[in-house]
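One structure is given here, and the rest of the page talks about it.
These values consider heavy atoms only, across backbone and side chains, with no hydrogens, waters or symmetry-generated copies. Predicted model, so just to flag it, every value in this text is computed and none were measured.
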Amino acid sequence: MSSVVLAVLALAAVLYVLAAVDLRWSPLRTVSWLAGLAVAAAGLTGPLAAAHGDLRAHLAAHLLAGMVAPLLLVLAAPVTLLLRALPVHRARTVSRLLRTAPARVLGDPFVAVALNVGGLWVLHVGGLLGTVAHSPGWHLLVSLHVLVTGWLATAAVLAVDPAPHRRGVVPRAVALGAGMAGHDVLAKWLYAHPPAGVTHAEAGARLLYDGGTVVHVVVAALLWRQWYRSRAAVRDAEQMAGQRPWARA
């Protein structure tokens, strides 16, 4: 199954690069996409994923596949690239899909963050960790779930790609704060109540707390940058309008 995952990630890299070259896409976004796929591959199929029973390795894989990789992939704006690369009629089909009810629900920051953090709580507190930690197949499936929900949550908060039902900055910031709190409390819970049958539990909990904090701070800084730039654009537009004679009439 790992070979299938690697093949899918390699295909995603090739398709993105071909579209980026054809459209003269941003090199920084291309690098972000390729780096995100590489980090996802490391978290899904690398040595960390094979260290069964080691909570530190398990949570390191989670940080890579569920937090770092989604952030890099979202910053690459793949949906925007897809809409530009597709023919007009197919791009309109994708746009209609983005406006459907399921897409609206999954793209809501509160729903996406709840799916992401809630899944982690069910896994680590609900008694499933022992099964996942000692089963390569289950570990890969859970890691894929973490990758997808991490992408949904990060995309909903940062809103880099087009989103017909995008929430404002304040609700997205609140959702991010709730996700940070749920993540940190989980790390503290694992430190105080290490799961049975795993090793390096305390080190893994500290890694989850510290690594998660770093990624969340980066996301918060990017969200603040979006807000600041949007406010600056509004101020510039108001100043230009005030300078026009007909605007003062």
Side-chain angles (χ1 to χ4, degrees), residues 8-9 11-37 39-40 66-116 144-179 215-216 218-237:
V8 171
L9 295 177
L11 179 61
V14 172
L15 293 177
Y16 189 101
V17 170
L18 290 177
V21 171
D22 185 55
L23 296 174
R24 297 182 180 179
W25 188 245
S26 165
L28 288 179
R29 293 197 185 278
T30 303
V31 170
S32 182
W33 179 257
L34 296 177
L37 293 177
V39 171
M67 299 190 74
V68 179
L71 175 58
L72 292 170
L73 295 174
V74 166
L75 291 177
V79 177
T80 302
L81 178 62
L82 177 65
L83 291 173
R84 294 185 183 181
L86 289 175
V88 174
H89 67 284
R90 293 184 179 179
R92 289 175 178 170
T93 301
V94 174
S95 297
R96 285 195 294 269
L97 290 175
L98 293 175
R99 292 193 294 269
T100 59
R104 179 175 184 176
V105 172
L106 292 175
D108 185 89
F110 293 101
V111 174
V113 169
L115 288 174
N116 181 242
L144 287 172
H145 166 79
V146 169
L147 173 63
V148 173
T149 57
W151 184 340
L152 288 173
T154 307
V157 169
L158 289 181
V160 175
D161 279 315
H165 307 289
R166 178 184 301 174
R167 283 184 178 265
V169 173
V170 173
R172 287 187 278 141
V174 172
L176 174 62
V215 177
H216 282 135
V218 172
V219 174
L222 291 171
L223 185 59
W224 176 86
R225 181 172 178 267
Q226 286 183 358
W227 172 83
Y228 182 81
R229 293 180 66 179
S230 66
R231 294 300 301 168
V234 170
R235 289 194 298 269
D236 291 344

Can you name the nearest heavy-atom pair linking [X] to [Y], along with the distance?
| X | Y | result |
| --- | --- | --- |
| Val113 | Val157 | CG2-CG2, 4.3 Å |
| Pro70 | Leu147 | CG-O, 3.9 Å |
| Ala20 | Thr30 | CB-OG1, 3.6 Å |
| Arg84 | Trp25 | NH1-CZ3, 3.4 Å |

Test your reading of the model: is there a side-chain donor-acceptor pair from [X] to the backbone of [Y], 3.5 Å cut-off?
| X | Y | answer |
| --- | --- | --- |
| Arg167 | Asp108 | no |
| Ser32 | Leu28 | no |
| Trp33 | Ala12 | yes |
| Asp161 | Val79 | yes |
| Thr93 | His89 | yes |

Discussion item. If you apply the rule side chain to side chain contact (heavy atoms under 4.5 Å, CB included), what do you find for Trp227 with Arg172, and how did you get there?
Written reply: CA-CA 11 Å; Trp227 172 83; Arg172 287 187 278 141; over 6 Å; no
Practice prompt. Determine, stepwise, if the pair Val160 / Gln226 fulfils side chain to side chain contact (heavy atoms under 4.5 Å, CB included).
Written response: CA-CA 9 Å; Val160 175; Gln226 286 183 358; 4.3 Å; yes
Worksheet item: Is there side-chain contact between Leu73 and Pro78, with at least one heavy-atom pair below 4.5 Å?
Response: no
Fill in: Trace of the side chain to side chain contact (heavy atoms under 4.5 Å, CB included) decision for Thr154 with Asn116
CA-CA 10 Å; Thr154 307; Asn116 181 242; over 6 Å; no
